[in-house]
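The structure appears below as structure tokens.
So you know, we letter chains A, B, ... as the sequences are listed, proteins then strands, and number each from 1.
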2 protein chains.
Amino acid sequence: MKISEVSEKYNIPVDTLRYYEKAGLLPNVQKNESGIRDYSESDCNWVEFIKCMRSAGLPVKVLKRYIDLFHMGDSTLNERKQILIDERKKLIEKRDAIQSTIERLDYKINSYEHTIAICEKELLKRK
Amino acid sequence: MKISEVSEKYNIPVDTLRYYEKAGLLPNVQKNESGIRDYSESDCNWVEFIKCMRSAGLPVKVLKRYIDLFHMGDSTLNERKQILIDERKKLIEKRDAIQSTIERLDYKINSYEHTIAICEKELLKRK
DNA sequence: ATACAACTTGAAGCCGGCTTCAGGTCAAGC
DNA sequence: GCTTGACCTGAAGCCGGCTTCAAGTTGTAT
């Protein structure tokens, strides 16, 4: 699979794909004699994984560490699992912070509805 | 209230408080004759609001716009409400993306537990 | 009165995560 | 065979959000 195809499939700019590769997130992408990338199915699965993790805000560095460990084999299983546990915890905190901000916004939006209603009444009175 | 007290109360570095002020998020902080800031209760409420919104990732620019509109009075009620509605929508999307990543991590962590159990069994056998 | 911590400013620096640029190679269609 | 577009590279640039720096002033405790 060519880079443009991967880009289109996962809706990630080609530049970003190259950037991820340079950052060490895609260490196995093969290139043909003339240097053109050919993404395997496994590469694509990693791309999809990276996309998902990045969309939740996991840092590139953390993903690199995880992927490096992955390629070191079974002796790193525990460390890999621990990374996922740590990141999961951070995501829960983040989700909860966002949730409480959503609730605060709900309340404020509601207040605006009331305030706006009152203002409009005032305007009608003056007519 | 002095800047160091506000800093301590809300657990925000003094440099960040000055940065927010410069960015236009705290347009009303008064200074005494010798130029030292004195945060009013209202300023503090804004600080707390900004902290909450920033913790959920609302951009400084958006907060600035909202705060500018606030100081323009009732004629901006609708626009302010719309900003909150738009940001609320983005937060819901963000929260949901995080939630599905959490679920994916849950699944993977579980898989690791199984894999690790199997590996340990193998190790025992060999002993 | 002197030291020392806390305050001030504008400007520069840093970090993460892309994004763009310059300059070159390659491949497919006309 | 020539153009055109997709690919390649390393390096530089950009943006948001702080953070640090340099250099100076103020306020408080001994």
Side-chain angles (χ1 to χ4, degrees), chain A residues 1-40 43-44 46-47 49-67 87 90-91 94 97-98 101, chain B residues 1-40 43-44 46-47 49-67 87 90-91 94 97-98 101:
Chain A
M1 221 176 182
K2 280 191 289 179
I3 197 167
S4 57
E5 294 169 323
V6 179
S7 166
E8 192 155 331
K9 181 167 182 185
Y10 297 105
N11 199 27
I12 300 175
V14 292
D15 292 311
T16 303
L17 288 170
R18 292 202 197 96
Y19 163 72
Y20 286 158
E21 193 176 330
K22 207 177 218 167
L25 304 190
L26 297 166
N28 288 332
V29 178
Q30 299 298 309
K31 295 177 187 173
N32 69 15
E33 327 75 51
S34 45
I36 290 179
R37 289 173 179 79
D38 182 13
Y39 289 74
S40 70
D43 294 328
C44 287
W46 279 109
V47 167
F49 174 74
I50 292 163
K51 181 181 177 168
C52 175
M53 296 299 132
R54 286 292 306 124
S55 82
L58 268 77
V60 168
K61 264 187 189 172
V62 171
L63 296 178
K64 161 138 178 65
R65 178 70 182 150
Y66 179 81
I67 290 164
E87 294 305 316
K90 287 178 204 161
L91 288 189
K94 209 161 154 182
I98 290 172
T101 303
Chain B
M1 223 175 177
K2 278 191 291 181
I3 197 167
S4 58
E5 294 169 323
V6 179
S7 167
E8 191 154 333
K9 182 167 182 184
Y10 297 105
N11 200 27
I12 300 174
V14 291
D15 292 311
T16 303
L17 288 171
R18 291 200 198 96
Y19 162 73
Y20 287 159
E21 194 175 331
K22 209 178 217 167
L25 304 190
L26 298 165
N28 287 331
V29 178
Q30 298 299 308
K31 296 178 187 174
N32 69 15
E33 327 74 53
S34 45
I36 291 179
R37 289 173 178 80
D38 183 13
Y39 289 74
S40 69
D43 294 327
C44 287
W46 278 110
V47 167
F49 173 74
I50 292 163
K51 180 180 179 169
C52 175
M53 296 300 132
R54 286 293 307 124
S55 82
L58 268 77
V60 169
K61 264 188 190 172
V62 171
L63 296 177
K64 161 138 177 67
R65 177 70 182 151
Y66 179 81
I67 291 163
E87 293 305 317
K90 288 179 202 161
L91 288 189
K94 208 161 155 181
I98 290 173
T101 302

Checklist line | Results of salt bridge (Lys or Arg N to Asp or Glu O under 4.0 Å) for B:Arg37 - residues two or more places apart only | finding: B:Glu21
Next item on the list: Output all residues satisfying ring pair (Phe, Tyr, Trp, His ring centres under 6.0 Å) with B:Tyr19, sequence neighbours left out; order by chain, then residue number.
Entry: none
Margin query: Can you build the contact string for nucleotides 7-13 of chain D? Use B for base contact, S for sugar-phosphate-only contact, and - for no protein heavy atom under 4.0 Å.
Written below: SSBB---
Notebook entry, point to check: By side chain to side chain donor-acceptor pair (under 3.5 Å), which residues pair with A:Ser4, not counting sequence neighbours?
Noted result: none
Item checked: Closest contact, heavy atoms only, B:Ala56 versus A:Thr101 -> CB-OG1, 3.4 Å
Notebook entry, point to check: How does each nucleotide of nucleotides 16-21 of chain C score, in 5' to 3' order, for protein heavy atoms under 4.0 Å: base (B), sugar-phosphate only (S), or none (-)?
Noted result: SBBBB-
Check: Can you name the residues that form a side chain to side chain donor-acceptor pair (under 3.5 Å) with A:Lys61, not counting sequence neighbours?
Finding: none
Margin query: Holding to salt bridge (Lys or Arg N to Asp or Glu O under 4.0 Å), I want the full list of residues that pass it with B:Asp15, two or more places apart in sequence or in another chain.
Written below: B:Arg18
Next item on the list: For A:Tyr10, check ring pair (Phe, Tyr, Trp, His ring centres under 6.0 Å) against everything at least two apart and list the hits.
Entry: none
Next item on the list: Could you pull out all residues at least two apart from A:Lys90 that satisfy salt bridge (Lys or Arg N to Asp or Glu O under 4.0 Å)?
Entry: A:Glu87
Note to self: Just the rounded figure in Å: distance from P of C:dT8 to CG of B:Leu17.
What the structure shows: 10 Å
